[in-house]
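By convention in this document, chain letters (A, B, ...) are assigned in the order of the sequence lines, proteins followed by strands, and residues within each chain are numbered from 1. Predicted model, so just to flag it, every value in this text is computed and none were measured.
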Protein chains: 2
Amino acid sequence: MIPTYLGGLAMVNVNMLPACPVETTLTLISDKWKVLIIRDLLDGTRRFSELRRSIGHISQKVLTSNLRQMENDGLVRREVYAEVPPRVEYSLTETGQSLKPVIDAMWNWGESYKAKLAAD
Amino acid sequence: MIPTYLGGLAMVNVNMLPACPVETTLTLISDKWKVLIIRDLLDGTRRFSELRRSIGHISQKVLTSNLRQMENDGLVRREVYAEVPPRVEYSLTETGQSLKPVIDAMWNWGESYKAKLAAD
DNA sequence: CAGTATCCCACGGGATACTG
DNA sequence: CAGTATCCCGTGGGATACTG
């Protein structure tokens, strides 16, 4: 079955991004939930409801909103299957996957921070 | 969030941090300005007003608030010099400096993201 | 199942004034 | 200079109800 691709084009204008690369990254993933969405999608494709469960206590509205923004930013791919009941699968684009080093760095730091606290 | 302060000493309770290390990191640096504060302090010690200028359009109240939290979380060191006019210097603790890989990863990703956009 | 559509609110953050 | 002290506001996000 051929999935329907909706959106998928980056709508971001490079001229409107901050000069500093760090700030650029912040504008794209600094929302409360986006990093967690990426963390979970790094493990592979997920359906909407799967994401909701794996992320934690995120509401439908907010998850939808975040996913749409990330789709517009070219980080996430959304594939709709014409089935009943409907199935929608989310995955990372290449650009989205390229965030792995960032997530990994956050993972490592979080681990060592907790280890340091536990040592006291 | 959910840092606990024991006996007036800055102290985060490891048991109240999220299980996932990525979430732990988010808890500590996901505020709008903290990453930028760290970015600038990675270049060395800065006075309050220097930080204000280098960061951008942050208000006094918010900069103070963020710095206090980061001090409590053990990321930032605050040194007050008994002079007139007063001089207060901020620098990263070892723990704060250990965030460099995270900031670097964000820097690199932001650069390549903009390069990708510019290529289109 | 995967969303919209509403309503609502806490709070991070901005603006301004004042001070040791 | 490096802050407090107030007042104020936009909005990200939560809760609930409804739908193709």
Side-chain angles (χ1 to χ4, degrees), chain A residues 1 3-8 18 23 25-41 45-73 75-91, chain B residues 1-3 10 18 23 25-38 40-41 45-73 75-91:
Chain A
M1 170 130 8
T4 308
Y5 292 86
L6 297 179
E23 284 191 58
T25 302
L26 285 179
T27 64
L28 291 163
I29 63 167
S30 71
D31 290 74
K32 181 176 177 183
W33 299 104
K34 288 183 180 174
V35 168
L36 298 183
I37 292 173
I38 294 163
R39 176 199 62 185
D40 289 351
L41 288 183
T45 298
R46 293 285 182 274
R47 301 181 62 159
F48 185 83
S49 53
E50 288 176 327
L51 267 181
R52 251 200 108 180
R53 261 176 279 120
S54 67
I55 288 176
H57 295 300
I58 188 171
S59 68
Q60 266 183 337
K61 191 190 81 171
V62 172
L63 179 54
T64 300
S65 161
N66 276 294
L67 286 170
R68 290 289 190 283
Q69 291 172 35
M70 296 170 78
E71 198 189 348
N72 283 331
D73 293 338
L75 303 182
V76 161
R77 180 170 34 245
R78 177 174 181 264
E79 297 176 86
V80 182
Y81 296 84
E83 303 175 357
V84 178
R87 179 162 57 103
V88 179
E89 292 188 345
Y90 292 92
S91 56
Chain B
M1 290 83 273
I2 325 154
E23 285 191 59
T25 302
L26 286 178
T27 291
L28 291 162
I29 64 167
S30 72
D31 290 73
K32 182 175 178 182
W33 299 104
K34 288 184 182 175
V35 168
L36 299 182
I37 292 173
I38 295 163
D40 291 349
L41 288 184
T45 297
R46 293 284 181 275
R47 301 181 61 159
F48 185 84
S49 53
E50 288 176 327
L51 266 182
R52 253 201 105 179
R53 262 176 279 119
S54 66
I55 286 177
H57 295 300
I58 189 172
S59 67
Q60 266 182 335
K61 190 190 79 170
V62 172
L63 179 54
T64 301
S65 161
N66 275 295
L67 286 170
R68 290 289 191 281
Q69 291 172 35
M70 296 170 78
E71 198 188 349
N72 284 331
D73 293 337
L75 304 181
V76 161
R77 179 171 33 245
R78 178 173 180 265
E79 297 175 88
V80 183
Y81 296 84
E83 304 174 355
V84 178
R87 178 163 56 102
V88 180
E89 291 188 345
Y90 292 92
S91 56

Could you please name the option among [options] that lies closest to any side-chain atom of [X]?
X: A:Val62; options: C:dG13, C:dC1, D:dG13; result: D:dG13
X: A:Asp31; options: D:dG13, D:dA2, C:dG3; result: D:dG13
X: A:Lys32; options: D:dG14, C:dG3, C:dA2; result: D:dG14

Measure [atom1]/[X] against [atom2]/[N] and give the value in whole Å, please.
X: A:Ile55; N: D:dG13; atom1: CD1; atom2: P; value: 12 Å
X: A:Trp33; N: D:dT11; atom1: CH2; atom2: C1'; value: 16 Å
X: A:Leu26; N: C:dG13; atom1: CG; atom2: P; value: 12 Å
X: B:Glu50; N: D:dA2; atom1: CD; atom2: P; value: 8 Å
X: B:Glu83; N: D:dA2; atom1: CD; atom2: C1'; value: 13 Å
X: B:Leu67; N: D:dT4; atom1: CG; atom2: C1'; value: 15 Å
X: B:Leu63; N: D:dC1; atom1: CG; atom2: P; value: 14 Å
X: B:Gln60; N: D:dT6; atom1: CD; atom2: P; value: 16 Å

Between B:Arg53 and B:Arg68, the residue closer to the 5' end of DNA chain D by nearest nucleotide is B:Arg53

N or O in side chain of [X] less than 4.0 angstrom from [N] OP1/OP2:
X: B:Arg52; N: C:dG14; answer: no
X: B:Ser49; N: D:dA2; answer: yes
X: A:Lys34; N: D:dG12; answer: no
X: B:Tyr90; N: D:dC1; answer: no
X: B:Arg87; N: D:dA2; answer: no
X: B:Arg78; N: D:dG3; answer: yes
X: A:Arg47; N: C:dC1; answer: no

(message) Regarding B:Tyr81, tell me which of base, sugar-phosphate or nothing describes its non-hydrogen contacts under 4.0 Å with the strands shown.
(response) nothing

Describe the nucleic acid contact of B:Lys61 in one word from base, sugar-phosphate, nothing, applying a heavy-atom distance below 4.0 Å.
base

Open item on the list: With a 3.5 Å distance limit and no angle check, can you tell me whether A:Ser54 reaches the backbone of A:Glu50 through a side-chain donor-acceptor pair?
Closed with: yes

Worksheet item: Does the B:Ser65 side chain pair with the main chain of B:Lys61, one donor and one acceptor, at a distance under 3.5 Å?
Response: no

Rounded to the nearest 0.5 angstrom, the CG-CG distance for B:Leu75 and B:Leu28 is 6.0 Å

Do A:Ile58 and A:Leu36 pass the side chain to side chain contact (heavy atoms under 4.5 Å, CB included) test, and can you show the C-alpha distance, the side-chain angles, and the key distance before you say yes or no? CA-CA 10 Å; A:Ile58 188 171; A:Leu36 298 183; over 6 Å; no

Whichever of A:Thr64 and A:Pro85 has the more 5' nearest nucleotide on DNA chain C, that residue is A:Pro85

Mate of C:dG20 across any strand shown (Watson-Crick or G-U wobble, both atom pairs under 3.5 Å) is D:dC1

With A:Val88 as partner, the option from A:Glu79, A:Arg78, A:Arg47, A:Arg46 fulfilling side-chain contact (heavy atoms from CB on, under 4.5 Å) is A:Arg78

Q.
I'd like to know if the side chain of B:Glu23 pairs up with that of B:Thr27 as donor and acceptor (distance under 3.5 Å, no hydrogens or angles considered).
A. no

